[in-house]
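Beneath this line is the structure, given in structure tokens, with notes to follow.
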Amino acid sequence: MTIDDLLSELNDSQRAAATLASQHAMVIAGAGCGKTKTIVARAAYLISRGVTPQNIQILTFTRRSASEVVHRVRSHLGDAAKGLQASTFHSWCMNVIRMAPEAFSCQGFTVIDREDQMQMFKLARGGIKDKEIPKSKEILDFYSFARNTRQSLGATLQKVAPELETRKQVIAEVMKSYESKKRERRYLDYDDILDVVAQRLANSPETRDWLSNHYEYILVDEMQDTNPLQWSLLEPLSHRSILFCVGDDAQSIYGFRGADFQNVHSFTDRVPNSVVLKLEENYRSTQPILDISNWLLDQSDLGYDKHLRSMRGDGQKPALMQFENEWEEATWISEDLIKRHDSGAEWRDHMILVRTGFAGRTLETSFLARDIPYTFIGGLKLLESAHIRDVLSLMRLVANPTDDLAWARFLTLWPGIGERTASRCVTAIAGLTRIEDCIATLRRETKLAPVIFDAIERVEQAKLQANHAFAKAVESLEPSLEEKYKSQDWDKRKRDFLLVEKLAERHTSILSFIEDYMLDPVYTSEVEGVDSTDRVTLITIHSAKGAESPVCYVVDVSPGSYPSVRSMNDPEEIEEERRVLYVALTRAKDELIITRRNATTWAKWSFPSKNNDDAYFFNSLPSKLVTQGKLGGKRKPPPPPPPSASGPIHVGIQWD
DNA sequence: AGGCGCACTTTTTTT
DNA sequence: AAGTGCGCCT
């Protein structure tokens, strides 16, 4: 296929965007208006005009969209597209750091995830007995929000938790302690990965020149969800590289991570000599699906100024189904899926959108019981599950002996060693950077069983090949792990080990393996039923950005859930909830099925003061926009009364 | 004192 | 699924 064929598939506005001359641009595009298509065409166009693929960096939100973009450009241009890079901000920065570890002073660092961070905050908070300071999870959220918005702690607290401003000093102490421990142990948290690069770009003209020389063009997808920290990566490069950003203010759903939906509007102020282009024709959905989505935005006081027009024309009205409770809802969805599959539909054409990972669990159970093949995106990630973390802890401490979170986890796997003993061992080896020194010290000063040292040494000998190291680690830990998980799906966990070993084949270094899968998650449910690729997608709305499906179920659109009871104090958060629902509704191509149920007892009970019904987005939903499903909540007939007593009962063994 | 098993609660959203 | 709290055992 030639570039002209590709361009002729676009409409005028898309083509104008894709073939824009060398100028910074912000493309504002509604849901389903061909954002990905335009980015693909832009990249292909640039390459066809002689730009070296290596000099184009595409930044997307998830690894799925990254690989999709590259795949599509390749399918149009073939080998000419070789070397084209698309990645998430995090994996991009990680690659940059790997290109020149010395320039960023990041040799031998271990990337840590949220759970590790929380563990550290827990330790940092531990010494303080004040009951009024927030939980470690909250402090972590404040910390990360402050860094992503590049605000001071004071400004952050004022914004997200004004009632805690008087506690600022204590909270600051906890954060300082976290930061110094993090440095000592050579950890990089998710925010560090971006910040390290951002700091160098800001302070080292040399680094800035070196990096901007790499990129003639930077293409950014989902611009509305980028935050100030991410902007501090783009801005310095924009002096030499040309930015091409695509986004939709109405789909901004990462405010909790510091994104501001206004940023697509302020683009021309922030970037001199830039243009704004708009894509307004929707090719994804039929008009009735867009009618309800448009209606939802119209209800907002914020003027989104969005009216999606379908190029596909009329279609089926969305269905709104009412249920008594979540089990009834899950059962109906499962049975509806089976009905569709029986009449010839493919599983893969169905997507179930949920607000929380937790909410997916009931559906998961229901699918498992009925043998409906599915993938759950946004659920538990393979490398985050307890048994894999156990094994990784041994690999981590070998790769970075100052990693005492790993030491603590590894040591407590052995019988007779609990938190206390482990922490004493960790103290004994504090500051030692060579694994041999750690082993020697522990042998001398503690009474750890020799098998423990054998385990470490065996992994040490295999550390130059990640999959071998993993296999050795599993081998040594298997007896302990079997004991620990024997009543908890041990067979399934055992299968996961083989899978992770396979994933590790592509990697030599342990640290690069861990980095990669930390930033590039594999979900636990992708692992099961590897045989079939025809599966239903169960997905959180936040993970569903950019995704689409012929048939979409949007689950639990009930009072108290949209907006969520937790957001009702803050008008900004309510608006974000509205956008979350908007994203969900606009994923559907042909059929949209919205389910809801009576407010959960949980919501009513834990937030009794809130009137869920007043804020509910569908309160004034015009009935002509949907087909009301028959009320699923038919009450069961009352059970028959128990029979009355009919004489004494004799129980016991039969005597002959 | 420290380890460990058991019952109980508790879930926003992600890199 | 994992965290917390409690009480028993070594």
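The analysis underlying the following values was restricted to heavy atoms, covering all of them including side chains, and did not include hydrogens, waters or symmetry mates. Residue numbering restarts at 1 for every chain, and letters A, B, ... go by the order of the sequence lines.
Side-chain atoms of A/R361 lie closest to C/dA1 of the nucleotides B/dT12, C/dA1, B/dT15. Proximity note for A/P415 (side chain, C-beta onward) versus B/dT15, B/dC4, B/dT13: the nearest is B/dC4. When each of B/dT14, C/dA1, B/dT12 is scored by its nearest atom to the side-chain atoms of A/R114, the top-ranked nucleotide is B/dT14. The listed nucleotides are B/dT12, B/dT15, B/dT13; the one nearest the side chain of A/R566 is B/dT12.
For the pair A/R596 and A/F618, the NZ or CZ position fails the cation-pi test of under 6.0 Å to the six-membered ring centre and within 45 degrees of the ring normal.
At whole-Å resolution of the value, CZ in A/F61 and P in B/dT15 are 8 Å apart. In this entry the distance linking CZ of A/F145 with P of B/dT12 reads 17 Å, nearest Å. Here B/dT15 presents its P atom at 15 Å from CG of A/D141, a figure rounded to the nearest Å. Rounded to a whole Å, the CZ atom of A/R257 is 5 Å from the C1' atom of B/dT14. The distance between atom CD of A/E364 and atom C1' of C/dA1, rounded to the nearest whole Å, is 11 Å.
Close to B/dT14, at under 4.0 Å from its OP1 or OP2, lies a side-chain N or O of A/S543. Taking only side-chain nitrogens and oxygens, A/T540 comes nearer than 4.0 Å to OP1 or OP2 of B/dT14.
Listed by chain and number, the residues in a ring-ring contact (aromatic ring centres under 6.0 Å, His included) with A/F617 amount to none (sequence neighbours excluded). With sequence neighbours excluded, the residues that form a ring-ring contact (aromatic ring centres under 6.0 Å, His included) with A/F367 are A/Y374. Residues that satisfy the side chain to side chain donor-acceptor pair (under 3.5 Å) test with A/T149, not counting sequence neighbours, are A/Q151. Evaluation of the ring-ring contact (aromatic ring centres under 6.0 Å, His included) rule for A/F109 yields no partner, not counting sequence neighbours.
Under 4.0 Å is where a charged nitrogen must lie from a carboxylate oxygen, and between A/E478 and A/K494 at least one such pair does. Looking at A/E138 and A/K135, no side-chain N of the basic residue comes within less than 4.0 Å of a carboxylate O on the acidic one, giving no salt bridge. A/D491 has no carboxylate O lying under 4.0 Å from a charged side-chain N of A/R495, or vice versa, which leaves the two without a salt bridge. For A/E577 and A/R355, the salt-bridge test passes: some basic side-chain N is under 4.0 Å from an acidic carboxylate O.
Within the 4.5 Å cutoff, no side-chain heavy atoms of A/L59 are placed close to those of A/D221.
Residue-level contact check: A/S567 touches neither bases nor backbone, having no heavy atom under 4.0 Å from any strand. Contact annotation for A/S564: no contact, since no heavy-atom pair falls under 4.0 Å across all strands. Among the atoms of the strands shown, none is found under 4.0 Å from any heavy atom of A/G255. Using a 4.0 Å heavy-atom criterion, one finds that A/I417 contacts the sugar-phosphate atoms exclusively.
Residue pairs meeting the side chain to side chain donor-acceptor pair (under 3.5 Å) criterion with at least one member in residues 404-416 of chain A, sequence neighbours excluded: A/R185-A/D404, A/D390-A/R409. Sorted by first and then second residue, the salt bridge (charged side-chain N to carboxylate O under 4.0 Å, His left out) pairs with a member in residues 538-548 of chain A read A/E222-A/K545, A/D225-A/K545, A/R284-A/E548, A/E548-A/K589; sequence neighbours excluded. Residue pairs that meet the salt bridge (charged side-chain N to carboxylate O under 4.0 Å, His left out) test with at least one member in residues 246-259 of chain A, sequence neighbours left out, are A/D248-A/K306, A/D249-A/K306.
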Listing, residues 511-519 of chain A side-chain donor-acceptor contacts under 3.5 Å, not counting sequence neighbours, or none:
from: A/S512; atom 1: OG; to: A/H507; atom 2: ND1; distance (Å): 3.4
from: A/S512; atom 1: OG; to: A/S509; atom 2: O; distance (Å): 3.3
from: A/E515; atom 1: OE1; to: A/R98; atom 2: NE; distance (Å): 2.9
from: A/E515; atom 1: OE1; to: A/R98; atom 2: NH2; distance (Å): 2.7
from: A/D516; atom 1: OD1; to: A/R98; atom 2: NH2; distance (Å): 3.3
from: A/Y517; atom 1: OH; to: A/R506; atom 2: NH2; distance (Å): 3.1

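The stretch residues 418-425 of chain A comes close to DNA chain B through A/G418, A/E419, A/R420, A/T421, A/R424, each having a heavy atom under 4.0 Å from the strand. For DNA chain B, the residues of residues 245-254 of chain A within the heavy-atom distance limit of 4.0 Å (strictly under) are A/Y254, sorted by number.
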For nucleotides 8-10 of chain C, tabulate all protein N/O to nucleotide N/O atom pairs closer than 3.5 Å, reporting atom names and distance.
none

Under 3.5 Å, which protein N or O atoms sit close to an N or O of nucleotides 2-5 of chain C? Give each pair with its distance.
from: C/dA2; atom 1: OP1; to: A/A386; atom 2: N; distance (Å): 2.9

